[in-house]
Amino acid sequence: MNKMQQLLYPELASSAAAPSCDADAGPRVSVLFPLPLPKAYDYLCDSEELPPVGSFVSAPFGPREVTGVVWPANKGEAKKKNAKVQNLKTISRVFDAPPLASDLVDFIDWAADYTMYPKGAILRMVMRVKDAFDGPRMQTAFVATGEKPARITPKREAVLAVAGAEPQTAAQLAEASGMSEAVVRGLVGAGSLAKVEVDPDPPFDAPDLMRAGPTLSGDQQYAADFVAEIIARDEHKAILVDGVTGSGKTEVYFEAVAAALRKDPDAQALILLPEIALTLPFLERVEARFGAAPAPWHSELTGAQRRRTWRRVAEGQARLVVGARSALFLPFPKLKLIVVDEEHDSAYKQEEGVIYHARDLAVARGARAGFPVLLASATPSLETVVNVDEGRYEAVGLAGRFNDAQMPDISLIDMREDAPDAGKWLSPRLVDEINANLSANEQSLLFLNRRGYAPLTLCRRCGHKMTAPGSDTMLVEHRFENRLVCHHTGFSMPKPSACPVCKAVESLTACGPGVERVAEEAKERWPDARIEVLSSDTAPGPRTMRAVLDAMKAGEIDILIATQVAAKGHHFPNLTLVGVVDADLGLAGGDLRAAERTYQLLSQVTGRAGRAEKPGRAMLQTYQADAAVLQALASGDRDAFLAAEAMGRQELGFPPYGRLAAVTLRSPDEVALDRAANAMRATAPVADGIEILGPARTPIYRLRGIARMRLLVKARRNVNLQAYLSDWLKRTKSQSGVRITLDINPYSFM
DNA sequence: AGCACGCCGACT
DNA sequence: GTCGGCGTGCTC
């Protein structure tokens with residue numbers, strides 16, 4: 001801590017790394033538990049050496065024993081009172097696991113304040129891994145000794161054939177040889193197999209930092225040098241790496257990772273990705289660059305895989321982690337660089353449990369711990385662009401596409417002038433273009449960000465709209481399974497033959513298109529073309545999705561009709577036409593970021609078209625051809641769009657020019673909910689620079705039987721929004737059955 | 001998060 | 001008369 005910080009934060013200066021120790025009451029430590037509790041609890045500690053802050057300990061808490069972490073002593077207040085009033089319990093045990101680094105402890109405290117969730121709830125995200133805090137639990141495995149057994153049998157032969165120098169467990173040997181574990185044990189007795197104790201969580205291969213990367217273009221080299229210099233200075237900077245798809249952002253930040261890891265033999269780096277779908281091909285790329293697979297972290301890992309990554313990260317052995325947003329909470333002892341790839345992606349926003357934005361927290365973590373954070377994107381968020389413009393972030397740009405690939409030629413199809421036939425969704429102009437592509441033997445992609453066959457099922461007779469039970473969500477017809485499905489609640493039912501309200505038979509009508517319906521139209525129009533549909537429904541699981549994507553890459557598909565699963569990270573060399581079936585889809589609803597998101601998504605999708613020799617083309621079907629977003633896409637003028645968008649936000653005082661928080665109230669009882677929301681509005685403190693909007697029903701009012709209402713708090717940028725909110729919440733008395741959640745800087749308004 | 005304590009409905 | 005519903009409150 002430097003002088004200035006000591007002046008600003010005297011209370012921090014007094015709390016050193018070691019926990020407090022009162023002479024009269026004996027050695028004491030504070031312990032934070034991974035429970036939704038706002039503060040740490042004090043305990044006595046009878047061990048010789050006081051466990052340092054960050055240590056994993058277990059202690060009696062209420063009626064049970066809970067594992068927590070030694071926390072910096074609760075600041076001053078009530079300490080003496082506590083010592084007299086309470087007889088403290090004693091820590092029961094200290095775990096072997098390496099203590100959490102002080103920068104992570106600090107980050108947890110900060111993140112709790114920022115998100116307004118209890119500290120313990122943040123700690124829980126760090127500790128979600130089971131059995132990770134005990135030292136390595138050994139597992140018995142076997143290696144071949146090379147000695148021949150006195151008696152050889154066919155079964156023994158089979159087991160010895162699969163045994164080797166690499167330790168394998170009895171179960172693995174049995175599985176590999178098709179024999180039983182009894183044979184394995186017999187061979188141990190015969191001296192042909194030797195028992196060895198192995199760590200069930202093998203270490204990760206070290207990245208080869210001396211391996212030469214690819215030759216960089218001038219732009220890439222400039223960007224890499226710029227970042228390397230900041231890494232060399234060992235200071236925090238948020239740096240936007242800005243370049244279109246194919247401009248080589250990844251190579252640039254790989255160099256940054258190499259530089260950061262080379263600088264310090266204990267340093268660790270984290271690459272955040274928005275989704276797991278991306279990680280499979282991406283992991284291969286990392287392996288190609290560093291000669292070793294990184295430690296992975298995402299929701300699909302098994303328990304054992306999670307434990308392995310967590311433990312190896314905690315002991316500093318895993319030096320490069322590639323993960324989804326929650327990797328931010330891994331127990332790195334010496335994190336020195338975070339890369340946030342596709343920083344604009346809304347998948348970084350965690351919407352359940354503790355609500356947070358991983359990009360924002362990553363920057364905050366780097367700022368507090370003093371290391372650089374790289375934000376990479378072809379379509380950076382307005383937040384980031386404004387931070388660059390106002391000098392808070394650095395930026396390096398990568399112009400042009402690699403290998404001279406051309407940017408696609410984007411045009412708008414005004415559906416008012418070029419209307420499809422009734423019950424059809426493809427305009428004559430788009431049909432012509434696909435025809436041309438088919439005869440040229442080139443691939444086309446039809447993009448529609450809507451799963452299923454039809455988004456709305458309506459009774460022609462009484463007008464009833466099919467919704468999920470207890471929810472105001474529309475059921476989407478999925479014709480492959482002949483079911484009606486709710487995409488919000490997971491509810492599904494066979495498609496009924498009669499309207500459930502008026503009982504009219506055969507009256508339920510599919511309204512609007514989904515990918516399946518566009519595929520139906522395409523198959524009708526081009527019966528000889530090879531047509532595939534790709535969405536998370538048609539490709540359940542990454543394997544089937546890979547298969548379709550590989551087929552597309554190999555040129556085995558003429559027309560791919562896909563949702564946004566095809567928008568990310570794939571390059572199809574023979575794809576020259578992208579048709580966006582409904583470019584207006586994301587614009588409805590009036591979300592403050594609707595235009596921005598539409599720009600990002602459509603620019604990503606249209607960017608799929610094109611290759612080295614020939615520019616691709618993209619056509620956007622729209623009913624609002626004058627809309628600024630679509631004009632910007634057609635002219636390729638991203639910066640003009642961002643400037644206009646920025647101006648609009650500034651006028652309204654919306655982020656990033658103002659702060660926003662959502663206060664959502666939920667209850668199964670609509671009357672109580674309404675009363676609580678209005679009462680809450682009435683108790684809102686009047687403050688300069690703060691405006692309360694609402695309460696209003698959420699766009700999807702009822703979900704799984706729970707009704708929701710929302711208040712929005714809009715504040716000037718210089719207002720401490722969290723302080724205002726906590727003051728407000730203290731004034732509102734809790735209403736029975738009504739739950740309140742806070743979302744600082746909300747992205748989803750559903 | 002758990003788990004206990006505490007006040008109102010249908011059963012041995 | 002009890003068993004049990006989950007609302008409220010506490011855990012050093």
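Note on naming: letters A, B, ... go to the chains in the order of the sequence lines (proteins, then strands), and numbering restarts at 1 for each one.
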Checklist entry - Does a side-chain N-to-carboxylate-O contact under 4.0 Å join Arg593(A) and Glu383(A)? => result yes
Checklist entry - Which whole-number value in Å describes the distance from Arg64(A) CZ to dC10(C) P? => result 16 Å
Next on the checklist: Below 4.0 angstrom, which residues in residues 55-63 of chain A have at least one non-hydrogen atom near DNA chain C?
Outcome noted: Pro60(A), Phe61(A), Gly62(A)
Checklist entry - What pairs of residues pass the side chain to side chain donor-acceptor pair (under 3.5 Å) test when at least one of them lies in residues 361-372 of chain A, not counting sequence neighbours? => result Asp106(A)-Arg368(A)
Next on the checklist: Rounded to whole Å, please give me the gap between CZ in Phe33(A) and P in dC10(C).
Outcome noted: 18 Å
Checklist outcome for this item: Within residues 673-681 of chain A, the residues having a heavy atom closer than 4.0 Å to DNA chain C are none
Next on the checklist: Is the shortest side-chain heavy-atom distance between Arg681(A) and Ile692(A) below 4.5 Å?
Outcome noted: yes
Item to check | Any Tyr41(A) side-chain nitrogen or oxygen under 4.0 Å from OP1 or OP2 of dT11(C) | outcome: no
Item to check | Whole angstrom value for the distance that separates C1' of dC12(C) from CH2 of Trp71(A) | outcome: 17 Å
Item to check | Under-4.0 Å salt bridge between Asp591(A) and Arg597(A) | outcome: yes
Next on the checklist: Tell me whether Arg311(A) is salt-bridged to Asp199(A), with the criterion being a basic N under 4.0 Å from an acidic carboxylate O.
Outcome noted: yes
Item to check | Residue pair Ser30(A) / Asp42(A), side-chain donor-acceptor N/O under 3.5 Å | outcome: yes
Item to check | Presence of salt bridge, Asp201(A) and Arg312(A), under 4.0 angstrom | outcome: no
Checklist entry - With a cut-off of under 6.0 Å to the ring centre and 45° to the axis, is Arg64(A) in cation-pi contact with Phe61(A)? => result no
Checklist entry - Parallel, tilted or perpendicular for Phe133(A) and Phe56(A), by the 30°/60° rule? => result parallel
Using atom types as modelled, flag every donor-acceptor pair under 3.5 Å from a side chain in residues 733-745 of chain A to any protein atom, sequence neighbours excluded.
from, atom 1, to, atom 2, distance (Å)
Thr741(A), OG1, Arg666(A), NH2, 3.4
Asp743(A), OD1, Lys349(A), NZ, 2.8

Checklist entry - Over how many whole Å does the gap from Lys39(A) atom NZ to dC12(C) atom C1' extend? => result 7 Å
Checklist entry - Rounding to a whole Å, what distance do you find between Arg739(A):CZ and dG7(C):C1'? => result 12 Å
Item to check | chain A footprint on DNA chain B, 5' to 3' - any atom under 4.0 Å from a heavy atom | outcome: dA1(B) to dC3(B)
Item to check | Rounded distance (Å) that lies between atom P of dC12(C) and atom CG of Leu35(A) | outcome: 12 Å
Next on the checklist: Once side chain to side chain donor-acceptor pair (under 3.5 Å) is applied, what residue pairs with a partner in residues 320-329 of chain A remain, sequence neighbours excluded?
Outcome noted: Trp297(A)-Ser326(A), Arg325(A)-Gln350(A)
